[in-house]
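Everything below concerns the one structure shown next.
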Amino acid sequence: MKAMILGLLGAMMATGVQAASRSFQDWTVVCDNTRECSAFGFSEDSFEDRPFLHVRRSAGADAAPVIRLVLAGESGIPTPWAVRVDGKPVPGLAPKAEGDADVVLTPIQATALLAAIRNGQRLTLAPGRSDVLLTGASAALRWMDDQQQRAGTVTALVAKGGKPASTVPAPPSVPLVRPGPAVSQAGLPDKLPPGMRAQLGEDCDTQPPKDFSPIIARLSPGVILFGERCYLGAYNEIYAFMLADEQGGHIRPAQIPNLDGFSTNLLMNVSFDPETQTLSNFEKGRGIADCGGVNSWIWDGKAFRVSDQTEMPACRGLSAEAWPVLFRSRRK
């Protein structure tokens, strides 16, 4: 069971040519298919105090980095902020915040902080609270420069050079995904076709779960989606998806694509919305759901297409609402 969950997480978090993620000690970077990148610096792993630094930058020559400083925890102590790098104040950086807060820096403040953290060790937001660790920051920001094709240009954060900003390429276009026409959900069966569970073989427990209703939806005329829960873990449910015709015949595995070009029919923690033809899932890397992925696919009338993905490969206390985008599309 554990091996299957790890395999699914690895498969769904595999990336294509333009979308990528990588960790550097206490820093993690995620870049999406439009070359927008987010770099995160974390504190030591703690459930009580979880400050982090977030550097987000869109692609393109004129895009400036946007920096957030976030202090979140359970102490509730309204200590005034005093931002320091290795104990030294950062010139021009004195946000008027106290206790738990989310502060977006001005462009001038962002430039000053980036210069201070490149060779630093610890970033303090407020006295007595946990620090953001800067080990890996320089390597993470250098990799971010490379992913955005800024290395060697005057726009780079770390890998600066003499090339003009005009040499930085424009961002790729956002792919279009067209949902198939909505179809009636009337007259659907209320259970799996005979023999479907047997076809799943080792992908499913031999005994079906009690008091469980499978996912059943019509994708197109003559194409029915069946989702059967195969495994129930401490915080993940794994479903297997099959397709069949209206009479329950022509049973075959659903082909749900990953960004790496491969497909699967096994997903964790799923839902399906027939009105928008959208299949969604939430993959938890561990019980507190501070790492993993949130994904969605659209049925275009013939096949499932990747629609959106967010990812956080590092389990460092970041809730799903703050996870960066790995893949984005536009719908029509």
Minimum heavy-atom distance between [X] and [Y], given as atom pair plus value:
| X | Y | result |
| --- | --- | --- |
| Trp81 | Gly99 | NE1-O, 2.9 Å |
| Pro257 | Val306 | O-CG2, 3.5 Å |
| Asp290 | Gly317 | OD2-N, 2.8 Å |
| Leu176 | Lys332 | CD1-CB, 3.5 Å |
| Thr28 | Ala314 | OG1-CB, 3.3 Å |
| Lys191 | Phe226 | O-CE2, 3.8 Å |

Between [X] and [Y] (side chain of the first, backbone of the second, donor and acceptor by atom type, cut-off under 3.5 Å), is there such a pair?
| X | Y | answer |
| --- | --- | --- |
| Arg57 | Ala63 | yes |
| Thr111 | Pro107 | yes |
| Glu311 | Pro324 | no |
| Glu283 | Gly292 | no |
| Thr153 | Thr155 | yes |
| Arg68 | Val66 | no |
| Gln109 | Thr106 | yes |
| Asn265 | Ala254 | no |
| Arg150 | Gly60 | yes |

Would you say the ring centers of Phe282 and Trp323 fall short of 6.0 Å from each other?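 Yes.
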Which distance, rounded to the nearest 0.5 Å, do you find between the [atom1] of [X] and the [atom2] of [Y]?
| X | Y | atom1 | atom2 | result |
| --- | --- | --- | --- | --- |
| Glu36 | Met144 | CD | CE | 8.5 Å |
| Gln277 | Ser296 | CD | OG | 13.0 Å |
| Leu157 | Ile117 | CG | CD1 | 9.0 Å |
| Asp86 | Thr124 | CG | OG1 | 8.0 Å |
| Thr310 | Glu321 | OG1 | CD | 10.0 Å |
| Cys230 | Ile238 | SG | CD1 | 8.0 Å |

Would you indicate whether the side-chain heavy atoms of [Y] and [X] approach each other to under 4.5 Å?
| X | Y | value |
| --- | --- | --- |
| Phe327 | Asp32 | no |
| Pro172 | Arg35 | yes |
| Val70 | His54 | no |
| Ile216 | Pro189 | yes |
| Val174 | Thr34 | yes |
| Asp190 | Pro214 | no |
| Arg218 | Val223 | no |
| Leu133 | Leu123 | no |

Please determine which of Arg328, Arg331, Arg330 meets the side-chain hydrogen bond (donor to acceptor under 3.5 Å, both in side chains) test together with Ser307.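 So the option named by the test is Arg331.
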Between the side chains of [Y] and [X], is the shortest nitrogen-to-carboxylate-oxygen separation below 4.0 Å, so that they form an ion pair?
| X | Y | answer |
| --- | --- | --- |
| Arg129 | Asp100 | yes |
| Arg305 | Asp300 | yes |
| Asp146 | Arg142 | no |
| Asp26 | Arg316 | yes |

Say whether [X] and [Y] are linked into one hydrophobic cluster, either directly or through other cluster members, by side-chain heavy-atom distances under 4.5 angstrom.
| X | Y | value |
| --- | --- | --- |
| Phe40 | Leu71 | no |
| Leu105 | Phe52 | no |
| Val55 | Leu318 | no |
| Val103 | Ile67 | yes |
| Tyr239 | Leu243 | yes |

Leu232 and Glu237: CA distance, side-chain angles, deciding distance, side-chain contact (heavy atoms from CB on, under 4.5 Å) verdict: CA-CA 5 Å; Leu232 177 62; Glu237 295 180 331; 3.3 Å; yes
Before you tell me yes or no, could you show the steps for Ile215 and Phe241 under side-chain contact (heavy atoms from CB on, under 4.5 Å), namely the whole-Å CA-CA distance, both residues' side-chain angles and the distance that decides it to 0.1 Å? CA-CA 9 Å; Ile215 295 174; Phe241 285 93; 4.2 Å; yes
Would one find more than 12 heavy atoms of other residues, nucleotides or ligands at under 6.0 Å from atom CG of Asn119?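 Count not over threshold, so no.
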Could you check whether atom CG of Leu188 has more than 12 heavy atoms from other residues, nucleotides or ligands sitting under 6.0 Å from it?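 Enclosed: over 12 neighbouring heavy atoms sit under 6.0 Å from CG of Leu188.
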Where do Leu279 and Phe304 land on the side-chain contact (heavy atoms from CB on, under 4.5 Å) test, with the steps shown first? CA-CA 9 Å; Leu279 178 65; Phe304 281 110; 4.0 Å; yes
With a 3.5 Å cut-off and no angle check, do the side chains of Asn269 and Asn281 form a donor-acceptor pair?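 No, no side-chain donor-acceptor contact under 3.5 Å.
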Does a donor on one side chain sit under 3.5 Å from an acceptor on the other, for Ser280 and Thr278?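 No - no donor-acceptor pair under 3.5 Å links their side chains.
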Where do Leu219 and Phe272 land on the side-chain contact (heavy atoms from CB on, under 4.5 Å) test, with the steps shown first? CA-CA 10 Å; Leu219 300 177; Phe272 181 76; 3.4 Å; yes
